[in-house]
Amino acid sequence: MPDPEANISYLRTRIPGSVKLIAVSKTKRADEIIRVYNCGQRLFGENRVQELLEKKALLPEDIEWHLIGHLQTNKVKYVVPFIGMIESVDTYKLLSTINSESRKINRITDCLLQIHIAEEETKYGFSIKELTEIGDSGAFKDLKNLRICGVMGMATFTDDADQVRKEFSFLRECRNRIKTNFFASEDYFREISMGMSGDYEIAIEEGSTMLRIGSLLFGERIKK
Ligand SMILES: *Cc1c(COP(=O)(O)O)cnc(C)c1O
């Protein structure tokens, strides 16, 4: 039997107070999510817009939702009115669309730059080269309705802890480099969202500021 209450108590003993925990609730029902909410958790992450909108309607208003999955530009307008943070921004076109949709409703939207750090071809994300080019062109400065708060990445799905550590360490270097070059005076540019159920301890050691944890909290997801 899944025991989210015990899981969250355990996780809280393992996670330093300075590191935020995003409870990844994708595929989980509202009644499962509310159990974790009742333990005091307020940050939740979903990876699909449709599923997020359906669950949001059933759950308490004071949940802060993070979008952690690939976002299509035509769906941006549905999330911008309420989203706490879009962690998975992976193209300049998407940054620009989130900016313009936010401007329309007079909001500032918090985002992270997703960086491709894994070996797998399939994972989304910017390369550090692309981000450097965008930064050098001055284009980050045009995004007045965004607060770019840092970076996000997913390590390769592997048992090789050294490789995962190297990828997380690289993501931290990317954060530092982009910060120094383009966001030196923006205090809010500081986050590194990295670490999932299988690799969160390495992520903490490598300087994660936000963990995204699903199965370790809610139990294994049924494969769809
Ligand atoms: C599903 C997912 C997670 C959580 O994965 P677990 O291994 O269940 O902890 C974290 N980040 C992203 C982007 C995800 O899609």
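All ligand and atom numbering here is 1-based and tracks the order in the structure.
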When you look at OH of Tyr78, are more than 12 heavy atoms from neighbouring residues, nucleotides or ligands closer to it than 6.0 Å? no
Of all residues at least two apart in sequence or in a different chain, which pass the side-chain contact (heavy atoms from CB on, under 4.5 Å) check with Asp136? Thr132, Phe182
Tell me whether Asn106 at atom CG has more than 12 heavy atoms from other residues, nucleotides or ligands lying less than 6.0 Å away. no
Show me the pairs that pass salt bridge (charged side-chain N to carboxylate O under 4.0 Å, His left out) and involve residues 176-195, at least two apart or across chains. Lys20-Glu191
Anything with a heavy atom under 4.0 Å from ligand 1 counts, so go ahead and list those protein residues by chain and number. Val24, Lys26, Ile68, Met154, Met196, Ser197, Arg212, Ile213, Gly214, Ser215, Arg221
Is it true that Glu205 and Arg165 have a side-chain N and a carboxylate O under 4.0 angstrom from each other? yes
Residues 98-112 vs salt bridge (charged side-chain N to carboxylate O under 4.0 Å, His left out), sequence neighbours excluded, gives Glu101-Lys104, Asp110-Arg147
